[in-house]
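The chains referred to below are lettered A, B, ... by the order of the sequence lines, with proteins before strands, and numbering in each begins at 1. Note: hydrogens, waters and symmetry copies are ignored here, and every other heavy atom, side chains too, is used.
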Protein chains: 2
Amino acid sequence: MAKEKVTSAEVAALAGVSQSAVSRVFTPGASASAKTVEKVRKAAEQLGYRPNVLARAMVSGRSRIIGLVVAYLENQFYPVALEMLSNALQKRGYHILIFTAPNSTDGVDGLLEELMDYQVDGIIAASVSMSSDLAARAQRAGIPVVLFNRGQDGPGLSHVTSANVEGGRKVAEFLIAGGHERIAHIAGWQGSSTGRDRQAGFLAAMRAAGKRPFATVDGMYSREVAAACARQLLQGGTRPDAIFVGNDHMAFAVMDVIRDQGLVPGQDISVVGYDDVPLASWGAYRLTTLRQPVNRMVEAAVDLVLRQIEERDAAQDHIEIEGELILRSSARIPEGWTK
Amino acid sequence: MAKEKVTSAEVAALAGVSQSAVSRVFTPGASASAKTVEKVRKAAEQLGYRPNVLARAMVSGRSRIIGLVVAYLENQFYPVALEMLSNALQKRGYHILIFTAPNSTDGVDGLLEELMDYQVDGIIAASVSMSSDLAARAQRAGIPVVLFNRGQDGPGLSHVTSANVEGGRKVAEFLIAGGHERIAHIAGWQGSSTGRDRQAGFLAAMRAAGKRPFATVDGMYSREVAAACARQLLQGGTRPDAIFVGNDHMAFAVMDVIRDQGLVPGQDISVVGYDDVPLASWGAYRLTTLRQPVNRMVEAAVDLVLRQIEERDAAQDHIEIEGELILRSSARIPEGWTK
DNA sequence: CTGAAAGCGCTTACAG
DNA sequence: CTGAAAGCGCTTACAG
């Protein structure tokens, strides 16, 4: 039976080698003779020895911990991403230390201190913006930061997003092709790059087609705000015949409001979301939406941080992944387009 | 400008005190004169010093890290719990190291090793079972384990759940009071205590009322399985007039199937879930469900681990929190009951 | 209250 | 390949 805590020294004693030898056997790439390896492995097994990650971290300067700043978990996009991120990182020998953040910018500032206290090797920040001051501090500390699903103004940070401007454009073009005349936009939070980019793409495509949006309002990425916006839009004499909503999470609220008014999404009013979270495909919503390829975004983010950690040279990078419009029944499908 | 890494020795030098003094100033409860505190604080501020948590962990034996084993994040119950857990722990100076687990028992076994490598102070395992062998190992290592939303056969682990047997009973009584004649149960995974307990309570209440369930099947906590079960139940000549589903996540799938068949939940067939995740109150579902009070479950779990960590004596405990039936429109409401 | 010193469990030059 | 030794950044008795 293994005892509470076994150290490399105890293994060394049992194996009849030096403590350094034990360490080498457990350090990938270090040299040890086959005989030593065998003796050590046997002793370690017998004692139930496993290297103490924290001690290793102290001397090597690598904790194998990635700080993940996350918020807004009500939006199904993030739990899904979180799970994938954790799996991908686990597979490469890292683990995630979670920091739940307030959704505002200033909330993150205090977190960085704590993050650094734990000597994390890198930081992935999902769904939060970061001041460039913060970026600078992390950089000075030599900790790579990757923004996930959020861009950044100014230099300093890597980030991975989907092609949001283009996504917004695609949605507008789809809606225009569908013959909609009064297209409204309940935008993603205009304090975030994703919200702004999607809106910019949407407006650009409208302009290019010589159309003006029926209305453009900020849904703040909030169910409540989006629902209020939708109610507002529906109450006038003429109402929109299509609404592009800045993300799926808000789009569900909008659909709920539409139905509350006795209208049918996809017939009376087309609704298009952004993300393609699992719920979007469920029977109750069947939401047409611009899919953000989470798996590829996750892969990119993981590659980015780990590359910056493991090969110090690796420069920052901005990765943009293209999304695809997923056609379902919440929006009228233009003739000739196939589901 | 702070430099990359500042140590207590550097602060000591600048402040003109010993390194031990610096350490004391940053150790709550350690004694230092007002003058020393001031000199040290000033120097620390100037240099941008913060204690290295890992170094502190090494010597003190406390990492202030809680390992969280989690899976099944598609079920909105868990992201919600995760966020609350993280917030509660953060507030008390701990952080969560995430381990995503396969939903099976054996998957967790390997994780425990990794968990212990990081010298976590405690473990919270959500939505996973644990072999008693595993429990024993953690115990031997002196690491308290708390099962969240899962019970355990045999001794060794603390756990917090809602009152599942009673919850199942309440649902049955509600359905019986509603005058339903053919009540089916798509149960939670029978490999889990929650699934078994809810079913047991349900069956007991049925028996007590002299009723036999229309059918009882295992939904495995899976959308797909639950949907298949629902289709099965609906296709015969006589179909159930009520279905108690083992959790909300499956209940949504069941409602989707019911509507696909042109039936209306709450009119043609009553559906009752378990959990009361946020989605249950959204317009598209309005699911009647037995609420698990996540906030109280989280508080209890956090208290339990921290107590076991901070006062070594604290014994294991099994905490059961009562839930409440939330009446919405997915199920017929018995006369006299109020929403 | 305060400093010198030992030690937490490792990794990593440094000699051999 | 291998061992002795230094050192990672702290906390904590131990004297004073």
Could you state the atom-to-atom distance from [atom1] of [X] to [atom2] of [N] in whole Å?
{"X": "Y118(A)", "N": "dC8(D)", "atom1": "OH", "atom2": "C1'", "result": "19 Å"}
{"X": "K5(A)", "N": "dC10(C)", "atom1": "NZ", "atom2": "P", "result": "10 Å"}
{"X": "M116(A)", "N": "dG9(D)", "atom1": "CE", "atom2": "P", "result": "14 Å"}

Does the side chain of H95(B) reach to within under 4.5 Å of the side chain of L89(B), using non-hydrogen atoms?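 Result no, sub-4.5 Å side-chain heavy-atom pair not found.
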Side chain proximity check, T161(B) to R150(B), heavy atoms < 4.5 angstrom: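 Side-chain contact under 4.5 Å: no.
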Quick check: on DNA chain D, is the nucleotide nearest L54(B) upstream (toward 5') of the one nearest R24(B), or the reverse? Name the residue that is more 5'.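 Mapping each residue to its closest nucleotide by heavy atoms, the 5'-most match is L54(B).
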Would you say the ring centers of F77(B) and Y72(B) fall short of 6.0 Å from each other?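 Between Y72(B) and F77(B), which both carry aromatic rings, the centre distance is not below 6.0 Å.
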Going by an N to O cut-off under 4.0 Å, is there a salt bridge joining R92(A) and D303(A)?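 Salt bridge flag = yes for D303(A) with R92(A).
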Classify the nucleic acid contact of [X] as base, sugar-phosphate or nothing, counting any heavy atom under 4.0 Å across all strands shown.
{"X": "S23(A)", "value": "base"}
{"X": "T27(A)", "value": "sugar-phosphate"}
{"X": "T7(B)", "value": "sugar-phosphate"}
{"X": "S33(A)", "value": "sugar-phosphate"}

For DNA chain C, the dot-bracket pattern of Watson-Crick and G-U pairs whose distances stay under 3.5 Å, | for other-strand partners: |||.||||||||.|||
Phosphate contact (dC10(D) OP1 or OP2) by S8(B) side-chain N/O below 4.0 Å: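 Yes, within the criterion.
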Verify the distance criterion only: is there a donor paired with an acceptor across the side chains of S20(A) and S23(A) at less than 3.5 Å?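 Not at all, the side chains of S20(A) and S23(A) share no donor-acceptor pair under 3.5 Å.
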So with a 6.0 Å cut-off around CD of E45(B), is the heavy-atom count from everything else above 12?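 Atom CD in E45(B) is not crowded, with 12 or fewer foreign heavy atoms closer than 6.0 Å.
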If you assign V59(A) and S31(B) each to the DNA chain C nucleotide with the nearest heavy atom, which residue ends up on the more 5' nucleotide?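 Checking each residue's closest nucleotide, the 5'-ward one belongs to S31(B).
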